[in-house]
Structure formats: structure tokens, C-alpha cells
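Worksheet for the structure shown next.
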Number of protein chains: 2
Amino acid sequence: MTFSEENYLKAIYHLTSHSNSGVSTNAIAEMMETKASSVTDMLKKLSDKDFVNYKKYQGVSLTESGKLEAKMIVRKHRLWEVFLVEKLDFSWDEVHEIAEQLEHIKSEKLINKLDDFLGNPTEDPHGDPIPDAKGRIIAIEKQLLSELVPHQSGVCVGVKDTSSAFLKYLDKQEIALGSTIDFISKETFDLSLKIKVDGKELTISNKIASNLFVKLL
Amino acid sequence: MTFSEENYLKAIYHLTSHSNSGVSTNAIAEMMETKASSVTDMLKKLSDKDFVNYKKYQGVSLTESGKLEAKMIVRKHRLWEVFLVEKLDFSWDEVHEIAEQLEHIKSEKLINKLDDFLGNPTEDPHGDPIPDAKGRIIAIEKQLLSELVPHQSGVCVGVKDTSSAFLKYLDKQEIALGSTIDFISKETFDLSLKIKVDGKELTISNKIASNLFVKLL
DNA sequence: TTTAATTTTTAGCTTTGTCTAAAAATAAAT
DNA sequence: ATTTATTTTTAGACAAAGCTAAAAATTAAA
């Protein structure tokens, strides 16, 4: 399995995980920052290897085998992110790029030993679940902060947007995984939210709120 | 810099490190398990990028810039090997292949943080020196066990052959880095050596002795 | 010092993954 | 229900890195 094939599988996995139907050639091209024609070529190859169900013009979905492969790549990516943050003291906005490289290292023994070394974590530094060695995922119950109604409270358990810009914003506002968030009120004009983060009052835009996952208290 | 370019630089580095003259196309081809024609192609590319001094039919050597690149790859390889053995509990015969992949991960920050995390080791699990961030190498004084004369003693500080077969043999004989080795006598017929390893008497072939580095006591 | 053997390079082909441009299929709109 | 727009696929080209086979240069041998 080449790096490129792995990246396609991962992209298809992420595009289909939240909407269990097929995904379009264009959607993959956009996510991979490549051209639709390149995607078509790769889909043929992945289809030959039975990693995807592909019929011309009909979109594509992962086979069981493709899904497992994709999960193993995600597993590696997220475990390496934990390593970088927990052991090497990287901040959560720096780890994605490096993990993009590390996720392609091939050694099952390595990844399972790394998993043990890290204490078998179930979430990565952004709150995303880490598949186990068999591809099982324990999904935590969580919702977007923007979906709450005033006077509800929760603990910050994840971010939807993992861009460096967003994560650095959160650092500046001292919002981190584990922070307690009390939803005080919503401004009807711009949908901005008044919240308390670990007791400290703060106003955030709706865009911020719709990228923060919380677990209700 | 591609993986392939990095692998060529590394090969040329290893081939020239112990004999500071140029190296032949064929020697590189043999080390890389590829064809001479492929080597020629790559040498042109590396020469264009000023990593090697190359003139047709005249052999090749590394430029300063090429040597530094090569050392950084060796640095990464050996630091990852330390990580695998010290932190993930791999044995010294398992780490080479995985480090061959990890050495190509691109992030200076990563490798320097890893270096610190490991306590800035100066040797890898096989006793080979680890270049520092600037490419400096502290060479330990060592010689092959086969070069000693009877009644000399030393501490095992490295192996020349790092093949899995050899390392597993050493494990079986309980010879490890740090073992004290007393050279008792040499058999004139087959040049085999009678030695004591941490006090325990043992006979080893000359082939074994000429792949073990010791530091004289 | 020619001839023979070896080494190295060139020329041309293959595969992988990408691209552009054009054709075909599907979806949307009048 | 056509026409128009969009999406997707095909066809053909390109760069990277490898290969084989043949040519050129170097080295060794007679």
C-alpha cells in the first residue's frame, strides 16, 4: 500500500464517516487538493484492490477491508499525535503535519507498542477517538456548544476544526479539553454566546461555538 | 528531498566515512541493491543539487552540504533506534527496519525534541555514535575484539555487523553492550578465541570477534 | 601496446501518480 | 423535453525512479 493510496482511503473514510452514503469524485478531489481526473484513476486502483465499491459516475464507498485499513491509518495518526503532545511536549496545534507523515510508518508491532507506551489512550489531543488494534471505536457522547440552550453546562471534550488558527485562538482564550463551560446567554443579533470558562466570563462567536464539542454535565 | 535521494546520500556517507576517498557507482549500486544505471541517474540529480562531487567515470564524494544532510539522516535513524529500544522495549535486532522508515520523517523540531526526551544519547543500541543537531560526532575509542592480543580486556561497546542473525547470536551468548570481555587465548588452527564474558568462559569464532567492538580497560 | 574484461554511462522503456484538455454522462433549468 | 450546466471519465503527456540493453570509457592482461 502506497502513501498515496493510504491518503485516499483516509480521505474517503473521513468524508463518509458522518454520512454513511457514497462520496463524490469531486468531494475527494477537494479534500485531497488534487484534480478529479487523478481521483478517478486512484478509485480504479483502489477498486481493483477491493478497498472501495466503485461504479463509474456513481460515487464511491469503502469496503469492509478498506474501512479497516482507513481506521488503522487514523489509529496511527492519532496515537502519534498523543505521543507528540504527551511525551515530546508539542502543542496541539503543531502535531497534525508531523502525524501526517508518521501515520504511514508500517509496523503493526510498533503501533501496538506505542499504544501501550502511551497507556492505551482513547482520544487524541483534539478529542477525536482512537480506534483500537481491531478497529473498534468508542464514541464519546458529545455535542457542539452551538447546539446547547442557555443555562446548560458541559465539559469541553473536543474540537471540530483542528486548524492551527483555531487551536491557537482557544489557547489564547484559555479554553482547553477539560475546561468547564457554562452557557449563559445567546445574543439574538449575531448569535454570539456569553459563556463562562472555568468560571471566567467570555463572549465567543457562533463560529467558535459550532467548532467546540462539549459533554453535558 | 525525496526518500530515494536521502537513501543515496546515506549510502554514500556510509561508504566513504571509513575511507575518505571517492566511491564507485558499482559500490553504491551494490549497497542500495539497485542497478548501476539507476545510480548514475541519481548521481546526476544529486550533483545538480550540489550534494555530491561527481565527474563521469570518476567516482563520487559528498560535498559539505551533502555530508551534513547525510549526518542528519543518520542522526534521525539512530535516535529513533534508541527510542524503540529504550522506550518501546524493542530488542536491538528489530529496530533497523523501522528506523529505516522513521529516518525520513521531516521535522527538525521533532528530532530535537526526541533527542531531549531520550536524554541526548551519544550512541545508538548498536554502539554507533549519534551526530548532534549540528552534525558533530563524538567518536568513542574502540577496536575490534579480533585485533586484541591475549590477556587484554575490554568492555563491549559496539557491533560492526548489525544483522538480526548476528545480534540474536549475541543475545544467546549473553554478550551485550557493557559486557566485560577478557581475552584468554587464541586457537592457531582456526583463529577462534577463548574469552570470558562477565566472568563466564566461552569460545567464539574469529568471524564473531571481528564484528565486536571493545573499549580497552 | 594492443586486446580483452570490467565499469560506467546513455538510450529507451515501464510504472506510479499527477496534470490538462476533451469527451461522455448526469443533473439542473428553462 | 430539450437545452444548459455540472460532474465525471477518458486520452494523452509529464516527472520520478527504476529497469534492460547497448555504447563508451577505463582498467587489466597478454
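Throughout, protein chains are lettered first and strands after them, A, B, ... in sequence-line order, and every chain is numbered starting at 1. Worth knowing before you read on, the calculation uses all heavy atoms, side chains too, and leaves out hydrogens, waters and symmetry mates.
Within 4.0 Å (heavy atoms only), B/Ser4 reaches sugar-phosphate atoms of the nucleic acid but no base atom. Looking at heavy-atom distances under 4.0 Å, A/Tyr8 makes contact with sugar-phosphate atoms alone, never a base.
Partners of B/Glu100 under the side chain to side chain donor-acceptor pair (under 3.5 Å) rule, at least two apart in sequence or in another chain, are B/Lys10, B/His96. Taking B/Glu5 as the reference, B/Lys49 meet the salt bridge (Lys or Arg N to Asp or Glu O under 4.0 Å) condition, with sequence neighbours excluded. Partners of A/Phe3 under the ring pair (Phe, Tyr, Trp, His ring centres under 6.0 Å) rule, at least two apart in sequence or in another chain, are A/His104, B/Phe3.
Of the listed nucleotides (C/dT8, D/dT10, C/dC19), C/dT8 has the atom at the smallest distance from the side chain of B/Thr25. Checked against D/dT8, D/dC19, C/dT18, the side chain of A/Ser38 finds its nearest nucleotide in C/dT18.
Here D/dT10 presents its C1' atom at 14 Å from CG of A/Leu43, a figure rounded to the nearest Å. Residue A/Lys35 contributes atom NZ, which lies 23 Å from atom P of C/dT16 at whole-angstrom precision.
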Taking distance alone, no hydrogens or angles, what donor-acceptor pairs closer than 3.5 Å link side-chain atoms of residues 25-32 of chain B to residues at least two apart or in another chain?
none

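A salt bridge between B/Glu94 and A/Lys109 is present, with a side-chain N of the basic residue lying under 4.0 Å from a carboxylate O of the acidic one.
Residues in residues 80-89 of chain A take part in these side-chain hydrogen bond (donor to acceptor under 3.5 Å, both in side chains) pairs, two or more places apart or across chains: A/His77-A/Glu81, A/Glu81-A/His126.
Considering only side-chain N and O atoms, A/Lys44 lies under 4.0 angstrom from the phosphate OP1 or OP2 of D/dT10. Considering only side-chain N and O atoms, A/Thr40 lies under 4.0 angstrom from the phosphate OP1 or OP2 of D/dT9. A/Tyr54 has a side-chain polar atom (N or O) that falls below the 4.0 Å cut-off from OP1 or OP2 of D/dT9.
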Next item on the list: Heavy atoms under 4.0 Å is the rule here; annotate nucleotides 21-29 of chain D 5' to 3' with B where the base is hit, S where only the sugar-phosphate is, and - elsewhere.
Entry: ---BSS---
